[in-house]
K.L.:
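Can you keep this structure in mind? I'll have questions shortly.
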2 protein chains.
Amino acid sequence: MSLKSKYNPTESELEILQLLWKNGPSTVRFINEKQNEVKAVGYTTTLKIMQIMAEKGTLDVNKESRQHIYTPALDEDETKGKLLDGFLKKTFSGSAMKMVMQALGNHKPSKEELDEIKNLIKEIENKSKK
Amino acid sequence: MSLKSKYNPTESELEILQLLWKNGPSTVRFINEKQNEVKAVGYTTTLKIMQIMAEKGTLDVNKESRQHIYTPALDEDETKGKLLDGFLKKTFSGSAMKMVMQALGNHKPSKEELDEIKNLIKEIENKSKK
DNA sequence: TTTAAAATACGAAATTAATCGTAGAAAAAT
DNA sequence: ATTTTTCTACGATTAATTTCGTATTTTAAA
């Protein structure tokens with residue numbers, strides 16, 4: 001695992017990645033329609049960005065049929081992890097704890113969510129204890 | 001508290017805000033020197049950005065003396081909270097839980113940090129129970 | 001077969017952010 | 001008093017991203 005891997009999906013690249021992770025390999029048309037459920041985005045805009053992402057290697061393209069099918073080339077969890085790290089550095093001086101605090105403080109988690117966290121904590125504790 | 005307040009400090013604006021929150025009201029010179037402990041940034045670059053921030057209302061300026069003194073106009077916790085929300089939406093579909101999971105999973109918190117979280121959880125539980 | 005619809009390719013304009021150079025004013029040093 | 005240093009003001013440039021128009025190709029419909 002490289003120490004210096006630079007993932008910088010831009011804002012709209014991330015938007016597209018999210019849709020692909022959620023819906024699986026898709027055409028430009030499909031992604032563009034999804035985007036337009038939220039806000040107006042021209043078809044060629046979506047196309048262009050997806051092409052750029054393919055150039056960068058962020059997406060894989062299958063060009064067998066005319067409607068090219070795009071697949072995210074990046075692992076979802078790994079990518080989100082790196083984005084989180086970056087955000088953490090910029091905003092919380094790298095302290096995950098500070099951020100978790102802020103998140104929990106802000107967000108008033110439900111009982112179920114709290115339980116979920118507690119379970120996770122137990123898991124982590126057990127793992128390190130073993 | 002408005003529902004639609006738009007905070008978008010850019011990358012370098014956030015960098016400056018962080019320094020101001022940490023060090024208190026400061027001159028451009030001071031902030032620029034702090035930045036240069038980490039990377040080369042021209043003085044006028046820092047100046048320009050801080051002036052823009054002042055225009056936007058992100059910073060307050062005291063111009064009484066020649067060396068203007070800049071103060072963050074935004075509350076640190078509130079701003080970080082909003083940034084977190086934005087990041088959450090973009091990256092974790094708004095789910096604080098997913099993100100906390102990712103953070104805890106990634107980051108392997110120390111025993112002390114875990115305790116800290118557990119305390120916070122207790123606090124939250126008590127608060128909502130009463 | 002001709003026309004219409006739906007794709008991609010490509011380039012260029014529009015936006016936004018970041019960087020810096022230069023000028024001029026004010027203060028400090030000599 | 002003169003020079004040098006230290007500021008701010010301001011504009012211009014660069015760079016990255018986003019957006020979209022137009023041309024061309026391919027497929028589908030009439």
K.L.:
Take the protein atom CE of A:M53 and the nucleotide atom P of D:dA16, then report the distance between them rounded to whole Å.
P.N.:
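Rounded to whole Å, this separation is 18 Å.
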K.L.:
A:N8 has an atom CG; how far is it from atom P of C:dA17, in whole Å?
P.N.:
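After rounding, the reported distance stands at 16 Å.
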K.L.:
Using atom CD of A:E55 as one end and atom P of D:dA16 as the other, report the distance to the nearest whole Å.
P.N.:
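To the nearest whole Å, that distance equals 14 Å.
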K.L.:
Test: ring-ring contact (aromatic ring centres under 6.0 Å, His included). Region: residues 62-83 of chain A. Which pairs qualify, not counting sequence neighbours?
P.N.:
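Applying ring-ring contact (aromatic ring centres under 6.0 Å, His included) to every pair that reaches into residues 62-83 of chain A, excluding sequence neighbours, yields nothing.
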K.L.:
Would you mind reading off the distance between A:M50 atom CE and C:dC10 atom P, rounded to a whole angstrom?
P.N.:
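Whole-Å distance recorded here is 17 Å.
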K.L.:
Using whole Å, what does the distance between atom P of nucleotide C:dA17 and atom CD1 of B:I16 come to?
P.N.:
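After rounding, the reported distance stands at 14 Å.
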K.L.:
With the 4.5 Å side-chain cut-off for hydrophobic clustering, are A:V41 and A:M53 part of the same group?
P.N.:
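Per the 4.5 Å side-chain linkage, A:V41 and A:M53 are not co-clustered.
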K.L.:
Quick one: on DNA chain C, does B:A40 or B:K56 contact a more 5' nucleotide (nearest heavy atom)?
P.N.:
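Going by which nucleotide is closer to the 5' end, it is B:K56.
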K.L.:
Could you run through nucleotides 10-15 of chain D and give me one letter per nucleotide, 5' to 3': B if any protein heavy atom sits under 4.0 Å from the base, S if only the sugar-phosphate is that close, - if neither?
P.N.:
-B----
K.L.:
Please check the phosphate of C:dA18 (OP1 and OP2 only) for any side-chain N or O of B:S12 closer than 4.0 Å.
P.N.:
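Affirmative; the distance criterion is met.
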K.L.:
Are the side chains of B:R29 and B:K34 in contact, using a 4.5 Å heavy-atom criterion?
P.N.:
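A side-chain contact under 4.5 Å is absent here.
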K.L.:
Would you indicate what B:E11 reaches in the nucleic acid, counting non-hydrogen atoms under 4.0 angstrom: base, sugar-phosphate, or nothing?
P.N.:
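Sugar-phosphate only.
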K.L.:
Between N or O atoms, less than 3.5 Å apart, protein on one side and nucleotides 28-30 of chain D on the other: list the pairs.
P.N.:
none

K.L.:
Rounded to the nearest 0.5 Å, how far does CD of B:Q102 lie from CG of A:L83?
P.N.:
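Atom-to-atom, A:L83:CG and B:Q102:CD are 9.5 Å apart.
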K.L.:
Using atom CG of B:L59 as one end and atom C1' of D:dT8 as the other, report the distance to the nearest whole Å.
P.N.:
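It is 16 Å, rounded to the nearest whole Å.
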K.L.:
So does B:K111 pair up with B:D115, basic N to acidic O under 4.0 Å?
P.N.:
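Answer for the salt bridge query: yes.
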K.L.:
Salt bridge check: are A:K39 and A:E15 linked by an N-O gap of less than 4.0 Å?
P.N.:
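Answer for the salt bridge query: yes.
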K.L.:
Quick one: A:Y70 OH to C:dA7 P, roughly how many Å, whole number?
P.N.:
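Taking OH of A:Y70 and P of C:dA7, I get 12 Å after rounding.
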K.L.:
Determine whether the side chains of B:T58 and B:E13 contain a donor N or O and an acceptor N or O closer than 3.5 Å.
P.N.:
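Per modelled atom types, B:T58 and B:E13 side chains form no pair under 3.5 Å.
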K.L.:
List in chain and number order the residues that pass ring-ring contact (aromatic ring centres under 6.0 Å, His included) with B:F87, two or more places apart in sequence or in another chain; answer none if no residue qualifies.
P.N.:
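Checked B:F87 against ring-ring contact (aromatic ring centres under 6.0 Å, His included); matches are A:F87.
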K.L.:
Within the sub-3.5 Å range, which N or O atoms of nucleotides 2-7 of chain D have a protein N or O partner, and how far apart are they?
P.N.:
residue : atom : partner : partner atom : Å
D:dT6   : O2   : B:R66   : NH1          : 2.7
D:dT6   : O2   : B:R66   : NH2          : 3.0
D:dC7   : OP2  : B:R29   : NE           : 2.8
D:dC7   : OP2  : B:R29   : NH2          : 2.9
D:dC7   : O4'  : B:R66   : NH1          : 3.3

K.L.:
Do A:I16 and A:I49 come close enough that some side-chain heavy atom pair is under 4.5 Å?
P.N.:
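In short, these two side chains touch, coming nearer than 4.5 Å.
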K.L.:
Quick one: are A:N32 and A:N36 in side-chain contact, heavy atoms under 4.5 Å?
P.N.:
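Yes - at least one pair of side-chain heavy atoms lies under 4.5 Å apart.
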K.L.:
Would you kindly give the NZ-to-P distance between B:K63 and C:dA27, to the nearest whole Å?
P.N.:
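Going from NZ in B:K63 over to P in C:dA27 covers 15 Å.
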K.L.:
Side-chain donor-acceptor pairs under 3.5 Å in residues 93-100 of chain A, sequence neighbours left out?
P.N.:
residue : atom : partner : partner atom : Å
A:S95   : OG   : A:M97   : N            : 3.4
A:S95   : OG   : A:K98   : N            : 2.9

K.L.:
How many angstroms lie between atom CG of A:L14 and atom OG1 of B:T91, to the nearest 0.5 angstrom?
P.N.:
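A:L14 CG to B:T91 OG1: 5.0 Å, rounded to 0.5 Å.
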K.L.:
Check the phosphate of C:dA18 against B:T45, side-chain N and O only, distance under 4.0 Å to OP1 or OP2. Yes or no?
P.N.:
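It does not, given that no N or O in the side chain of B:T45 lies less than 4.0 Å from OP1 or OP2 of C:dA18.
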